[in-house]
K.L.:
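The following block contains the structure, expressed as structure tokens.
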Amino acid sequence: MGVVNVTPDSFSDGGLFLDADAAVEHGLRLLDEGADILDAGGESTRPGAEPVSEDEERRRVLPVIERLAQGGDARLSIDTTKLGVARAALRAGATLVNDVSAFRFDPGMAALVAETGAGCCLMHMLGEPRTMQTDPRYDDVVSEVKAFLEERLGFAVSEGIDEDQVWLDPGIGFGKTVAHNLELLRRLEEIVAIGRPVVVGTSRKSFLGKLAGGKPEGKRLPGTIATNVLALERGASVFRVHDVAQNVDALAVAAATFSRDVGEGAR
Ligand code: HH2
């Protein structure tokens with residue numbers, strides 16, 4: 001899943017693709033690099049981010065989704081917590097709603113997903129973006145995230161969403177310390193055991209910088225790849241990344257190794 005941030009303030013690429021032409025061009029490049037899904041978002045969820053109005057969010061993402069949808073066979077995902085934005089994006093050609101609040105901020109989102117037959121990704125976050133990194137605490141982060149995701153999956157199904165349409169995400173970096181993120185990755189199998197495809201989003205996140213001696217966003221690709229390979233081995237299915245080409249190569253090699261398929265080149 002390639003990230004298309006149509007925002008001025010995303011933590012690693014804010015302002016680069018705010019213009020619709022630049023965002024579409026970026027999306028097409030990510031597809032060319034091997035992305036199967038493009039995840040377009042018009043509101044940053046970085047720690048401390050200020051909320052964006054619905055009108056502004058629609059203005060940013062809709063032209064991008066409309067134009068990418070005309071392009072052909074890419075699966076388009078809308079990264080939003082707002083019902084109005086999700087509805088407009090699904091009409092414009094998106095088929096997946098990536099809601100980092102897991103339908104908590106707007107419970108009506110579940111009915112929309114049910115009605116349209118879209119897919120959804122439900123992610124764990126502690127509270128909300130403005131405050132989530134203020135001293136996050138858990139007794140057992142993995143059990144608590146797992147219980148949250150099971151409860152949200154139950155809510156989605158009770159609202160009429162086909163269980164097969166639901167993906168789950170432990171929400172790396174969303175109200176978690178470095179130790180919490182590492183524990184979630186180390187014990188990812190426990191989240192996978194819920195039985196739905198698991199999405200992981202470690203790409204360029206700050207814990208990778210901290211673990212590598214204080215690297216800035218642009219230098220966190222090696223850390224991103226390390227976590228994605230590990231997550232693949234522990235059963236993750238979808239990898240949300242900014243740097244598609246490099247992650248695709250790393251995951252292809254890792255996947256071939258895990259299945260002991262040496263591939264044509266090595267025979
Ligand atoms: N992370 C971000 C945004 N959306 N969605 C899912 N499902 N999982 C994630 O881990 C996730 C997400 C944060 O990354 P980014 O979009 O690059 O930053 P920003 O929120 O600042 O735009």
Side-chain angles (χ1 to χ4, degrees), residues 1-18 23 26-27 30 35-52 56-57 60-61 64 75-82 85-86 89 94 96-105 109 113 118-126 128-130 132-133 145 148-149 152-153 156 166-176 180-181 184-185 188 191 196-209 216-218 220-221 223-224 227-228 231 236-244 247:
M1 175 186 272
V3 180
V4 180
N5 281 325
V6 198
T7 62
D9 58 345
S10 285
F11 78 93
S12 79
D13 55 3
L16 290 181
F17 315 113
L18 186 54
H26 182 60
L30 298 185
D36 293 325
I37 307 165
L38 294 178
D39 187 36
E43 176 177 48
S44 172
T45 50
R46 78 190 148 73
E50 285 301 324
V52 172
E56 177 59 15
E57 203 178 318
R60 289 179 187 172
V61 289
V64 176
R75 180 153 197 208
L76 300 176
S77 158
I78 175 68
D79 185 351
T80 190
T81 59
K82 296 191 186 78
V85 176
L96 181 74
V97 176
N98 176 25
D99 182 348
V100 298
S101 83
F103 302 154
R104 285 183 299 126
F105 294 177
M109 197 80 112
V113 170
C120 62
C121 175
L122 305 180
M123 195 197 80
H124 175 271
M125 165 172 31
L126 197 63
E128 43 135 355
R130 240 165 347 116
M132 65 190 180
Q133 287 303 109
V145 167
F148 171 92
L149 293 174
R152 291 287 84 197
L153 173 62
V166 184
W167 296 350
L168 301 174
D169 184 331
I172 299 295
F174 283 83
K176 280 118 190 158
H180 294 144
N181 291 324
L184 280 163
L185 289 168
L188 198 69
I191 307 293
R196 299 306 312 141
V198 168
V199 179
V200 284
T202 62
S203 190
R204 301 183 183 173
K205 283 186 180 166
S206 67
F207 79 109
L208 301 174
E217 288 83 354
R220 297 177 188 162
L221 177 58
T224 301
T227 52
N228 280 337
S237 307
V238 180
F239 306 85
R240 183 181 182 280
V241 297
H242 303 85
D243 305 285
V244 168
N247 277 286

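Indexing begins at 1, ligand by ligand and atom by atom, following the structure's order. Numbering of residues begins at 1 and proceeds along the displayed sequence. Note that the coordinates shown come from a computational prediction; the quantities given were computed from them, not determined experimentally.
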K.L.:
Could you give the distance from OG (Ser203) to CD1 (Ile172), rounded to the nearest 0.5 Å?
P.N.:
12.5 Å
K.L.:
Output yes when Asp79 and Arg240 qualify as a salt bridge under the 4.0 Å nitrogen-oxygen rule, no when they do not.
P.N.:
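Salt bridge flag = yes for Arg240 with Asp79.
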K.L.:
Assess, by modelled atom type and distance only, whether the side chains of Thr81 and Ser101 contain a donor and an acceptor separated by less than 3.5 Å.
P.N.:
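Note: Thr81 and Ser101 side chains miss the donor-acceptor criterion.
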K.L.:
Rounded at 0.5 Å granularity, tell me how far CE in Met1 sits from SG in Cys121.
P.N.:
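Here the interatomic distance stands at 6.0 Å.
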K.L.:
Take the angle between the ring planes of His26 and Phe17 and call it parallel below 30°, perpendicular above 60°, tilted in between.
P.N.:
parallel
K.L.:
Heavy atoms under 4.0 Å from ligand 1: which residues qualify?
P.N.:
Asn5, Ser10, Phe11, Ser44, Thr45, Arg46, Asp79, Asn98, Val100, Cys121, Met123, Asp169, Phe174, Gly201, Lys205, Arg240, His242
K.L.:
Out of curiosity, Thr224 OG1 to Glu217 CD, how far, rounded to the nearest 0.5 Å?
P.N.:
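Reported to 0.5 Å precision, the distance equals 11.0 Å.
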